**Q** 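First, the structure itself, so that you have it in front of you.
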Amino acid sequence: MAPTSGLPDAEATLAALAERMRCAVAIDAKLVGIYSGGAWLADRLAELLSGEHPVGYIDVSFYRDDYATKGLRAKVETTALPFDIGGARIVLVDDVLYTGRSVRAAINELFDYGRPESIELAVLIDRGGRELPIEATYVGARVAVARDLSVVLNRQPDARLELSVEPAGSAPRD
Amino acid sequence: MDIEIRNGRLIDPKHGVDRTASLFISAGKVVAIGDAPPRWQARRVIDASGLVVCPGLIDVSARLREPGFEYKATLESEMEAAVAGGVTSLACPPDTDPPLDEPGLVEMLKHRARSLNRAHVYPVGALTVGLKGDTITEMGELADAGCIAFSQADAPMSDTQVLWRAMQYAATFGYRVWLRPQDAHLSRGGVAHDGEVATRLGLAAVPPWAETIAIDTIVELARATGAQVHIARLSTHDGVVRVRDAKRSGLAVTCDVAANHVHLADTDIGWFNAQCHLVPPLRSGRDRDSLRAGLADGTIDVICSDHTPVDDDAKQLPFAESEPGATGLELLLPLTLKWAVEAKVGLPVALSRITADPARILGIDAGHLAIGAAADVCIFDPAAWWTVEPRSLRSQGKNTPFLGLEMAGKVRFTLVSGHVVHES
Amino acid sequence: MTNPQLNERGELTHLLTLEGLPEEVIRRILDTAVPFVSIAERDVKKVPLLRGKAVFNLFFESSTRTRTTFEIAAKRLSADVINLNIGVSSTSKGETLLDTIDNLVAMNADMFVVRHAQSGAPHLIAQHLSRTDRRHIHVINAGDGRHAHPTQGLLDLFTIRHYKKDFRGLTVAIVGDLLHSRVARSLIHGLTTLGTPEVRAIGPQTLLPAALESLGVRVFHDMASGVRGADVVVMLRLQSERMKGSLLPSAGEFFKHYGLTAEKLALAKPDAIVMHPGPMNRGVEIESAVADGEHSVILPQVTFGIAVRMAVMSILAGTS
């Protein structure tokens, strides 16, 4: 099921995801978005969910398992976690859950900052194809996509989020 | 053996010969040019059509590494290299180990060289004992043993008083003095020309005035003593200017340039290529252009190879720690031809710089092919290209900046005293 | 001439000098160093990037400072670090430089960090490794003779960018013994590549190499004129151990003409920063008040140095 017309609308999916999370996330949950898509989503969720949920951002480039074959990513962002990880209830936020490897890297990295009380995972799109035993706590939408394609979240100049598919190049499989 | 070299382009720069003609050799000498002598019967005919036939090349500086440096090269290998390069006479500098400051050493060297029956070897004797620059050598004894000139090779000589006296002494007896124009103090520690390349690469530098100040000293002392002086290995523009001025003023001074310096500049060092670590150092493009102009107008009399075999290990070191020098006997001809083509200088003029002119510097009757001359001949194909690589070089030194490059000019036959000592 | 630092795909495979490095490569290293700075601020200062890799610190010229920062950088990348102080020339031990390298390669080295007293030693090593089938081994030049100290150049660039943001409007003055300085050469190449319009060298004739202008540098012998209006003042160490012969009469005379005092610094821009590669000779290149003053960024340079080296190692080790 390949064509873009098969992909759900990103804004609508985000609304659905926020709806699912609103009653379920802990009051003191802290959102940690995985760059770049997860970071945008974390910011939006912070507005959409009720209560105060501080936002941090995480870049997993230094914890990826494909460094040996692919080398270091061309652009590495700086992880910014403006709160203590130790004892915190974290909700990791990512745009697309695929193999599960990015999430594994993010969890490893979080543990180097401290020992959290718990980690939940919120994703906009779950496209299946897991290579690790990782599942999301909150899912916006489930989509089936051919292996030779990537699902990509883009942010337009007016801040609208949009989903698209692209041929799977050297882009990492998340 | 009666040998006929048939139908080659015969070039004898000294006598202004440049025509298609056959050369006839008998009993080690040239007996006829053009038409066969009466009752001629050749034991061997060499077909030289398409080839150049010229006097055997004369190299005024080739290190044979004996005595003392046999692990770098031996007389056997280097003499093979000489004739493979078309060189039939060469002068070797005195910086052997021990240096050539004793008649016995000179005699031994000459004897060894003679027994190999390859090129003629003319040793240059040490000007001072041990090349230390303190005491003059027994030049008379050394001259009797066969030294055709006296020099310090690359050894520094800072005591100008000793230099003056040495030149006076040599002048008394008419001995030639060959001097490297290199001020010992100004060149101390330097390994590259003092310019942009040395600055970028962070290499200790030799300023050009290390050469020009030395030339000024040599020229003044030559004027004062009347010694017959040859300035060895020019490298700077200002050096060429000074020699030109000295010659114009009537001073009978001569000079040479190493073949590598005719073509290369300090930029060829690239990323620290130790094959370009030479003494004197490769200088700027402007210096090189002046050297080429000096060669063309005769300010520079001679091109030499400055043949210096260096073992691989001594080059596989950081630039400043590597041993300077390049192998060159087999590259003298192709590099001279390359200059001739690029500078649009005719073959006769170019070949003169490696035949008749060096003979004049050495003071020997050689480098020409008049009737009655010794049959030292070089027969080469100017249009044959070959790749410079370890296996194409007979010298034990495979160290040259031209490794991996293609050269035009392949020696097909070399004759010394009428014997074919090399053919390919 | 092919760039010996880049592989066939144009990726950085050795860091030997900043000369000839494309601007994008330099910028990428600086950008990658940013996250490593913040890693240094957390409790667990390690990331697993170079886990299982062996980094050999090959110091033919001893230097505790530089070796320590490279060791810290490699360990923070989870690499195994082996320190070899060969001290004086390897030939004194009878083994050639390349023989030493071959032996270490046989011990499964993945990366060599090399400091050597001779210009060109790291280039020789990199060339040797690429000639034989050992292209996966990367060489980092930690300082070779007078030639280059690329990681120092990079950390200096990082420091300048941190405080001044854009190179394109800057005047940078480098003061002191440029003749013997690999730090100065590397910084000059980096600054000109990144578009710095005015790079100045200030020193006596005896301490400035020939043809500096060809590197894109304006030469000053008078410090007051050279420092006037500068955004960045870099003081070089007066390397007494490297001076042979008659280059300077005394450290005191150097300080008189070229030492950075508060008065001279006042001629620079009001927000000028003062840098020094270290170790400092207080009272020779720089007076203590300035070294410890508000313009000085000498200590941050050290922190940035570790991050920059981590960035270099992770980019190199990721190149196949």
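Treat the numbers as computed from the prediction; the structure is a model and nothing was measured. Protein chains get the first letters and strands the later ones, always in sequence-line order, with residue 1 at the start of each.
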**Q** Rounded at 0.5 Å granularity, tell me how far CG in A:Leu72 sits from CG in C:Leu316.
**A** 10.5 Å
**Q** Which region of C:Leu77, side chain (C-beta onward) or backbone (N, CA, C, O), has a non-hydrogen atom less than 4.5 Å from a non-hydrogen atom of chain A, or is it both or neither?
**A** neither
**Q** Can you establish whether the number of heavy atoms outside A:Arg130 located under 6.0 Å from its atom CZ is more than 12?
**A** yes
**Q** Within a strict 4.5 Å, meaning less than it, do heavy atoms of the C:Val44 and A:Glu109 side chains meet?
**A** no
**Q** Please check if the number of heavy atoms outside A:Glu52 that lie under 6.0 Å from its CD is greater than 12.
**A** no
**Q** Distance check, rounded to the nearest 0.5 Å: A:Ile85 atom CD1 versus C:Asp43 atom CG?
**A** 12.0 Å
**Q** Can you give me the closest heavy-atom contact between C:Ala317 and A:Tyr67, atom names plus distance?
**A** CB-OH, 3.1 Å
**Q** Once rounded to the nearest 0.5 Å, what's the spacing between atom CG of C:Asp31 and atom CD of A:Glu77?
**A** 9.0 Å
**Q** What part of A:Thr69 lies closer than 4.5 angstrom to a heavy atom of chain C: side chain, backbone, both or neither?
**A** neither
**Q** How long is the span from the NZ atom in A:Lys75 to the OG1 atom in C:Thr32, to the nearest 0.5 Å?
**A** 8.0 Å
**Q** Taking everything shown except C:Asn108 itself, do over 12 heavy atoms lie less than 6.0 Å from its CG?
**A** no
**Q** Got a sec: does the CZ of C:Arg131 have more than 12 other heavy atoms crowding it under 6.0 Å?
**A** yes
**Q** Taking side chain as everything from C-beta outward and backbone as N, CA, C, O, which of these in C:Ser38 sits under 4.5 Å from a heavy atom of chain A? Side chain, backbone, both or neither.
**A** side chain
**Q** Counting heavy atoms not belonging to C:Glu294, are there more than 12 under 6.0 Å from its CD?
**A** no
**Q** Under a 3.5 Å distance rule, please check whether A:Tyr113 uses its side chain to pair with a backbone N or O of C:Arg42 as donor and acceptor.
**A** no
**Q** With the threshold set at 4.0 Å, does a side-chain nitrogen-carboxylate oxygen contact exist between A:Asp112 and C:Lys46?
**A** no
**Q** So for A:Phe62, is it side chain, backbone, both, or neither that comes closer than 4.5 Å to the heavy atoms of chain C?
**A** both
